[in-house]
Amino acid sequence: MAHWLIKSEPSAYSWDQLVKDKRTSWTGVRNPQASANLKAMKLGDLCFFYHSNEGKEIVGIARVVKTAYPDPTDKAGKAVTVDVAAVEPVEQSVTLAAIKAEPRLKDFGLVRQSRLSVVPVNDEQWKLISKMTTAK
DNA sequence: GCCAACGTTGGC
DNA sequence: GCCAACGTTGGC
């Protein structure tokens, strides 16, 4: 199974909102690289939910419940979206600072390409960060 | 609020 | 098809 990290500004769409909604369609992704990542998502893939700008931390885990389809909010009809559902909040939020402080996460997409809103997470990274999200 | 990094656009 | 100018994102 693949893993991902999806970013959102809490002022635009927060983790709390996803919990309230149970699931949402992840629209508004325009960056071609991020779109390619969306298309690569499979049903049941898990995603870290990251708050950018405010908080700058991983706050929860979401699951892909519908694979890529055309984004209805994109007039050009080029963008795609997926549906994600809230799985659970993390016990311990993982801040960007903590990720940067971990040398083994040097190559993590979130650090390497901070502007990409949908970032692939490899198994090693997923395991490492999962460990960091469990309370000490 | 500023600025660096990166994407996109448009003139040639 | 190149590249300068401009816009946007996101960390600080």
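Just so we're on the same page: letters track the sequence lines, and every chain starts at 1.
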> In Å and rounded to the nearest 0.5 Å, what is the CZ to CD distance from F108(A) to E124(A)?
Replying inline: 12.0 Å
> Taking atom OG of S11(A) and atom CG of N53(A), what is their separation to the nearest 0.5 Å?
Replying inline: 7.0 Å
>> Ignoring hydrogens, what is the shortest heavy-atom contact between P72(A) and T81(A)? Give both atom names and the distance.
In response: CD-CG2, 4.1 Å
>> Between L38(A) and L116(A), is there shared hydrophobic-cluster membership here, with clusters defined by ILVMFWY side-chain heavy atoms closer than 4.5 Å?
In response: no
> So where does chain A start and stop touching DNA chain B, 5' to 3', when the test is distance under 4.0 Å to a non-hydrogen atom?
Replying inline: dA5(B) to dT8(B)
>> Quick check on side chain to side chain contact (heavy atoms under 4.5 Å, CB included): which of V80(A), V118(A), V84(A), T67(A) does M41(A) satisfy it with?
In response: V118(A)
> Reckon L96(A) touches a base, only the sugar-phosphate, or nothing at all at heavy-atom distances under 4.0 Å?
Replying inline: sugar-phosphate
